[in-house]
Amino acid sequence: MAKQTITSRDIKPTLGLFGATMNAMALIAPGAFLWITYQLQAAATAPNGMSVASDIWPGIVLALIVAFLTALAYAQLAKLYPEAGFASCCYFAEKAFLDKAGARHKTHNTPTSLARFAKLLTGWSAHLFYWVYPGIMVAFMATLIGYIYTQFTGHTLSADTLTLIGIAFAGITGYIAFRGVSGSTKASIWINIIQLTALVIFSALAIYYRMTNPQHATQWAFTSGFDIFKIHSLQGVLVQSTIAILILVGFESCTALSAETKDPGKTIPKAIILSLLIQGLAAYLLQYFAAGLMVNEHLTAITGTPAVTVTGMAAAAASSAPIGDLAKLLGDNVLPGIGFGLMITMALTVAIAIVGTTLSCMNTAVRVTCGMAEDRELPEMLGFMHAGFSTPHIALWVLVVVSSIIAGIGVRSVVGLTGITLASNLGTFILYGLTCIWTILAFKDRKDFSAIKHGWIPALGLIANIVMVIGILYLYVIGNADAKAEARICFIIAGAWGVISVFYVLLTSVQKTYRVKVVTCVIRPEQLGDVAAALRKESLVVGMTVTDVRGFGRQHGETEADLPVHEDTIRFQPKVKIEVLVRDWDVNKTMQVITGAVRTGNIGDGKIIVFDASSAMRIRTGEKGVYAL
C-alpha cells in the first residue's frame, strides 16, 4: 500500500522543554563561534583605525541586551500564537494584522492585504537568514577540516578538495535532518554536552594559567579581570557589539518547532529564553572572559610583508585560529606535553559544534519554507512532507544543494564568504526588527497589553536591531577595499533576492486574484449540510453543485466496521460529490474549511481535488473569470 501523505498539521508533538531548548542551543553554538569569531573580534578597529580589542567583553554584554530584547518579543508572540506551526515568524506577522483588524477571514481573503504583505516581508528576511546561514557554516567546516589537515601534514588542501568536503558535510547534515526532529534532537543534546564540556575545561585551564603564570608573563592583554569587564571606549563597545550579536542569533529557531512540541504556548517561550540564558549569558561570557584573561606576550604570530612577529592581542588578530594557539599554550604549560593534542581536541569539538548549528538552522529553514508552501505562498513541492520521518524532504535537499554552492564560493574567497555572511546577517536583523513590530501590533489593543512587555521592550528591540544593521553596513562601507567589496556582495545578494521576491509576489498576487479553481470533494452523504454551512459561514462560496455518486478508494470500499474480505472484492460506497468555483487565493482556506467540517480520522472521510478552470462565465450577464463567481 502507498504511504500516506501528511502535512505539518498531522505531526504528533514529541518535544518537551528540554528538547526544544536543546535545538535552539545547538544553533547558538558557543563552541563553534569562539573559535570562528575571536580573530575577527581581536582584529576589530574603530573608524579611525584604532584597535577596539579591549572592548570584546562589554561588546558581548551589549549584544546580549539586544538579543534578550528580541527574544522577549519572540516569547510573547509564541505564547500568544502557539498554533503557529512551521510558519512561525511568518504566521506571527500575518496573525498580528488579522487579529488587529478583527476580521480574520475577510482580511485573509485579500491577496493585497497588509496581513499578506507583512507575512511575505517576514518570509523574505527569514529566508535570507535561514537559507544562507547553513552554507556559511558548511564553508567554515570545510575550512576547519583543511586547518586540521595542515596541522598534521604541513600541506594545504586545494579549493576543489575543500568544496568536495563541504558538499559531503552538507549531505551528511541534511541526512540527519531528514531522519526527523527526534534524531536531530538527540544529536543536538550530545553536541551541546560536548561543546559545553570542552568550553568549561578550556575556561578553567585558562583561568588557572593566569593564576599560576607558568611562563612568567609580564605583558598581559588585560591587567586584571576587572580590566576585561570595564568599558574602554563607547565606540569600541559599539563596534564589538556589531560582531558579537552575530554569535548570539538562533534563540528564536525553536518557534519553527511548535508543531512538534507539546504544549507549545508554554514550552516555546521558555525554550527561547533558556537557550539564550545558557549559551549567551553563561557560556559566552565565561569563555570570552577566560580567553581574554590568558592573552599575553607568549601568544605570537607572524604577519605582514616583510614578516613581523607580533604578540598578545595583535597575535590573536593575525592568527587564523587564535583559540587553537591558546590551547597549545595551555597544553604545553599547564598540561605539559599535550599542546598539539589539546589544540586538535578543541578543533574537533568545534567541528562537532558546527554540525549542531548547521543541523539546527537547516531544520528551522525548511520548516519555515514548508509552512509558507502549505499556505501556497511558495511552490507546493517545497511543502511535501516525508511520511516516514515527518520532514519537509524536498525543501531539505534543495537547501543542501544551496548550502553546497555557498560553501564552494566561500572556500575560494574570504571576501566572498564574508559578503555572503553579511547578507545573512542583514536578513537576521530585519527579521528580528520586524518581529518586534509585530509584537507591538499584536498586543496593542488587547486587554492583557503590558506597556513594558508589549511596548517598551519590543520598541527598544526594534531600535537596537536597526542600529545593528546601520552599524554593520556603516563599518563595512567606510572600510578598506575588501570591506567595501564585502558590503557590495551583501547588497547584491539582498537586492537580487528582493527583486526576485517582488516579481514573484506580483505574479502570484495577480494569479491568486483573477485565476479561478474548481474544488471538488467526495464525502459521506450525511456530511453535506455541514460542509455547505461551513463554506457559507466563511463567505467562501455563493453556490455549489452536488451529485450523488458511488465509488471506492484504497480500502476497496471497506469500512472499519466491515469484516475482512478477499482483497479482490470491491464495494461501491454511496458518496456525495461537491463542486465549487473559488478564486485561487481561496483554495487553501476552502480545503481547510471542508476538512474541518468532515474529518473524523476514520476510513472513508473522502477526498478533495483541485482543478484549474481555464475560463468561467455567468450565462445571464456574460461576466467571465472571477466576476462570474
Side-chain angles (χ1 to χ4, degrees), residues 22-40 129-151 157 161-177 183-199 202 246-251 253 275 279-280 283-284 287 320-324 327 343-365 399-400 402-411 414 417-418 420-421 424-425 428:
M22 285 292 110
N23 278 281
M25 285 174 59
L27 183 49
I28 301 175
F33 286 107
L34 175 65
W35 183 288
I36 292 170
T37 61
Y38 197 77
Q39 183 272 332
L40 297 176
F129 169 20
Y130 294 127
W131 273 67
V132 174
Y133 180 94
I136 298 168
M137 291 298 104
V138 171
F140 279 142
M141 174 62 91
T143 303
L144 178 61
I145 292 174
Y147 171 82
I148 295 173
Y149 176 83
T150 301
Q151 295 299 311
L157 296 175
T161 302
L162 292 175
T163 300
L164 292 176
I165 292 173
I167 293 172
F169 172 63
I172 293 171
T173 309
Y175 180 74
I176 297 173
S184 296
T185 302
K186 292 176 182 177
S188 295
I189 292 171
W190 283 109
I191 288 168
N192 285 318
I193 291 173
I194 292 170
Q195 68 173 317
L196 289 176
T197 301
L199 290 176
F202 171 82
L246 311 180
I247 67 180
L248 296 171
V249 299
F251 51 83
S253 60
S275 63
Q279 301 290 63
Y284 272 124
Q287 67 187 16
S320 60
I323 298 302
M343 182 273 294
I344 293 299
T345 301
M346 282 288 296
L348 291 176
T349 63
V350 170
I352 292 172
I354 292 176
V355 172
T357 190
T358 308
L359 175 62
S360 181
C361 194
M362 280 187 169
N363 279 324
T364 303
L399 178 57
V400 167
V402 172
S403 299
S404 299
I405 294 172
I406 292 174
I409 297 172
V411 298
V414 174
L417 182 59
T418 305
I420 295 171
T421 303
S424 177
N425 295 338
T428 303

Distance, nearest 0.5 Å, that separates CH2 of Trp35 from CD1 of Ile323: 8.0 Å

Nearest non-hydrogen partners of Val132 and Ser424, listed with the distance: CG1-CB, 3.8 Å

Check: Leu157 and Ile165 side chains under 4.5 Å, non-hydrogen atoms: yes

Met137 and Cys361, any side-chain heavy atoms less than 4.5 Å apart: no

Rounded distance (nearest 0.5 Å) linking atom CD1 of Ile136 with atom OG of Ser403: 9.5 Å

Derivation of the side-chain contact (heavy atoms from CB on, under 4.5 Å) call for Leu27 and Gln279: CA-CA 10 Å; Leu27 183 49; Gln279 301 290 63; over 6 Å; no

Name of the residue among Ser184, Ser253, Ser188 meeting side chain to side chain donor-acceptor pair (under 3.5 Å) with Asn363: Ser184

Test log, rule side-chain contact (heavy atoms from CB on, under 4.5 Å), inputs Met25 and Gln195: CA-CA 11 Å; Met25 285 174 59; Gln195 68 173 317; over 6 Å; no

Contact summary for Pro30 and Leu196, nearest pair of heavy atoms: CG-CD2, 4.5 Å

Rounded distance [0.5 Å steps], OG1 in Thr150 versus CD1 in Ile145: 12.0 Å

Pairs touching residues 130-139 that satisfy side chain to side chain donor-acceptor pair (under 3.5 Å), sequence neighbours left out: Tyr130-Glu252, Trp131-Thr369, Tyr133-Thr357

Atom pair OG1 (Thr421) and CZ (Phe140), whose distance is rounded to the nearest 0.5 Å: 5.0 Å

Worked verdict on Thr173 versus Met362 for side-chain contact (heavy atoms from CB on, under 4.5 Å): CA-CA 8 Å; Thr173 309; Met362 280 187 169; 4.0 Å; yes

Spacing of Tyr284 atom OH and Thr37 atom OG1 [to the nearest 0.5 Å]: 6.5 Å

Check: Leu417 and Ile409 side chains under 4.5 Å, non-hydrogen atoms: no

N/O donor-acceptor pairs under 3.5 Å from side chains in residues 343-356, not counting sequence neighbours:
| unit_1 | atom_1 | unit_2 | atom_2 | d |
| --- | --- | --- | --- | --- |
| Thr345 | OG1 | Gly341 | O | 2.8 |
| Thr349 | OG1 | Met346 | O | 2.7 |

Inter-residue atom distance Ile191.CD1 - Met22.CE, 0.5 Å rounding: 11.5 Å

Min side-chain heavy-atom separation Ile406-Val138 under 4.5 Å: no

Considering all heavy atoms, the nearest Val411-Ala142 contact: CG1-CB, 3.9 Å

